[in-house]
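What follows is a set of notes on a single structure, which appears directly below.
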Amino acid sequence: MSNTLIKNIGILAGILENTSAPIRGSALKSLNEIKNAFVFIKDDRIADYGCMRELPSDYAADIHLDASGRIVLPSWCDSHTHIVYASSREQEFVDRINGLSYQEIAQRGGGILNSATKLRNASEEELLEGALKRLDEILAMGTGAVEIKSGYGLDVKSELKMLRVIRKLDKKHPIKVRSTFLGAHALPSEFKNDKKGYINLIINEMLPEIHNEKLADFVDIFIEKGYFDIDDAAQIMEASKAYGLIPKVHVNQFNAFGGIRAMVDQNALSVDHLEEMNEEDFEALRGKKTIAGLLPNCSYFLGIPYAPARKMIDQNIAIALATDFNPGSTPSGNMNQVVSAACIKMRIAPEEAINAGTINGAYAMNLDHSFGSITIGKKANLSITKPMDSIAYLPYYFGINPIDKVLISGSVVKSH
Ligand code: NIG
Ligand code: FE
């Protein structure tokens, strides 16, 4: 363990003295900053920060980093991904270019079921190796905490295999990993005409074993036409509650039919996607604890509407931005690109987007106690950007990796 001093920081951004609730409304616009700043790190934690002229002379550091002309900000907290998978799906990408929709591809047995066939045949080691590479990739782009879902197994053995891989990733990789059980992602072909049977399998066989092995923190379900409905969700969420699993759900991606209200009533930590929203959905979320998890790169890649983030912020709905990194709808784990897309396509300010991708992302994973902001005592998971003079430059100069150095638990783990 060592002490690190980052000095001469052009802009230190994302400072929060204390954090007690997701940032929402007009407060989302302030990304508290100090110019010409320092951060002092003791072991793995942020020990102090402030203006260079107030840097105490007795701060002894083993490692000195100079961040002149650069921004230092908290690592991205990516609260929605599916990065454990066996195989890419670029043929579906080409099929969409040729005119098929995401739903049409799924009806032909592609989509999630395509990934399930491949994953069932992959070993735990293969899945681990593939996911570790993707974690390395997102680490290099400044992500320091990530949520990963199951949902490509869709049988007892394969869902448990995925979740075990997710737990191993947390142990083997410097990025903090949260685990979500998404058994109700799609109906597997062997239950094609027996949804009730599959839900019983989830409730009676998957959930108890997941609980025994402590394999998940959260539970998810894809509420959508052709997938699962509100009654299915209520059953699975009720059963999951008995095992202490907190709901984080996929809802309103293609159709709005009351799923948001139902999941807010289930005390969901987040409701994600929200590309299709009606007035009742806004009403259900306004002022509530449940966070709207928005995924602009999914909209970009599938060519579907962007979630109405501007209206959500203006209506006091807490939002988080995440990648949705998965082989079907969003084959990208680049949070910098997500922040850019949110500014460009959702018309939210750079400061709002950065807060939504850091501290509010941490909330959407119940990791706000240790991640997502420059706060004394929090983990020193920080990014040092390439040279840039303003916050707006970060999403403006899009398409490159703007991150130069990544610190995880106080150590430089990536330097470009
Ligand atoms: O969040 N919409 C449901 N699930 C994923 C996509 C899964 C897939 O296509 O493999 C999503 O977009
Ligand atoms: Fe997703």
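Both counts, for ligands and for their atoms, begin at 1 and track the order of listing. Being a predicted model, the structure only gives us computed values, none of them experimental.
Among all heavy-atom pairs drawn from I83 and R134, the shortest one is O-NE, 2.9 Å.
Ligand 1 is never approached by E224 to a heavy-atom distance shorter than 4.0 Å. In this structure, Y152 has a heavy atom closer than 4.0 Å to ligand 1.
In terms of protein heavy-atom proximity, atom 2 (N) of ligand 1 is nearest to Q253 OE1, 2.6 Å. Scanning all protein heavy atoms for the shortest distance to atom 8 (C) of ligand 1 gives Y102 OH, 3.2 Å.
At least one N, O or S atom of H82, from either the backbone or the side chain, sits less than 2.8 Å from the Fe ion (ligand 2). At a cut-off of 2.8 Å, D272 is not counted among the residues with an N, O or S atom near the Fe ion (ligand 2). For a distance bound of 2.8 Å, the N, O or S atoms of H273 include none lying that close to the Fe ion (ligand 2).
By the 30° and 60° cut-offs, the orientation of the rings of F222 relative to Y227 is tilted. Ring planes of Y393 and Y397: parallel class, angle under 30° (limits at 30 and 60°).
In this structure, of K149, H185, H82, the residue bringing a heavy atom nearest to atom 3 (C) of ligand 1 is H185. With distances taken over non-hydrogen atoms, the option nearest atom 11 (C) of ligand 1 out of D324, T330, L182 is D324. Counting only non-hydrogen atoms, the option in S329, A322, A106, A116 that gets closest to atom 12 (O) of ligand 1 is S329.
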>> Test side chain to side chain contact (heavy atoms under 4.5 Å, CB included) on E33 and I15; report intermediate values, then the result.
In response: CA-CA 6 Å; E33 300 167 18; I15 300 164; 5.7 Å; no
>> For T81 and D78: C-alpha separation, side-chain torsions, deciding distance, then whether side chain to side chain donor-acceptor pair (under 3.5 Å) applies.
In response: CA-CA 7 Å; T81 81; D78 186 354; 5.6 Å; no
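Taking every heavy atom of I112 and a limit of under 4.0 angstrom, the matching atoms of ligand 1 come to 7 (C), 8 (C), 10 (O). Below 4.0 Å from some heavy atom of F222 lie the following atoms of ligand 1, by number and element: 2 (N), 3 (C). Taking every non-hydrogen atom of G328 and a distance limit under 4.0 Å, the qualifying atoms of ligand 1 come out as 9 (O).
The closest approach of D324 to the Fe ion (ligand 2), by N/O/S atoms, is made by OD1.
Each of K248, R167, K149 was scored for a salt bridge (Lys or Arg N to Asp or Glu O under 4.0 Å) with D217, with one residue passing: R167.
Rounded to the nearest 0.5 angstrom, L201 CG and E159 CD are separated by 9.5 Å. Of the inter-residue distances, the one linking Y198 atom OH with E190 atom CD reads 8.0 Å to the nearest 0.5 angstrom.
Atoms NE2 of H250 and NE2 of H80, as seen from the Fe ion (ligand 2), are separated by an angle of 90°, to the nearest 10°.
Few gaps surround CZ on F282; more than 12 heavy atoms of other groups in view lie less than 6.0 Å from it. By the neighbour-count criterion of 12 heavy atoms within 6.0 Å, atom CZ of F93 is sparsely surrounded, having that number or fewer from other residues, nucleotides or ligands.
Under 4.0 Å from ligand 1, the heavy atoms of H80 that appear belong solely to its side chain.
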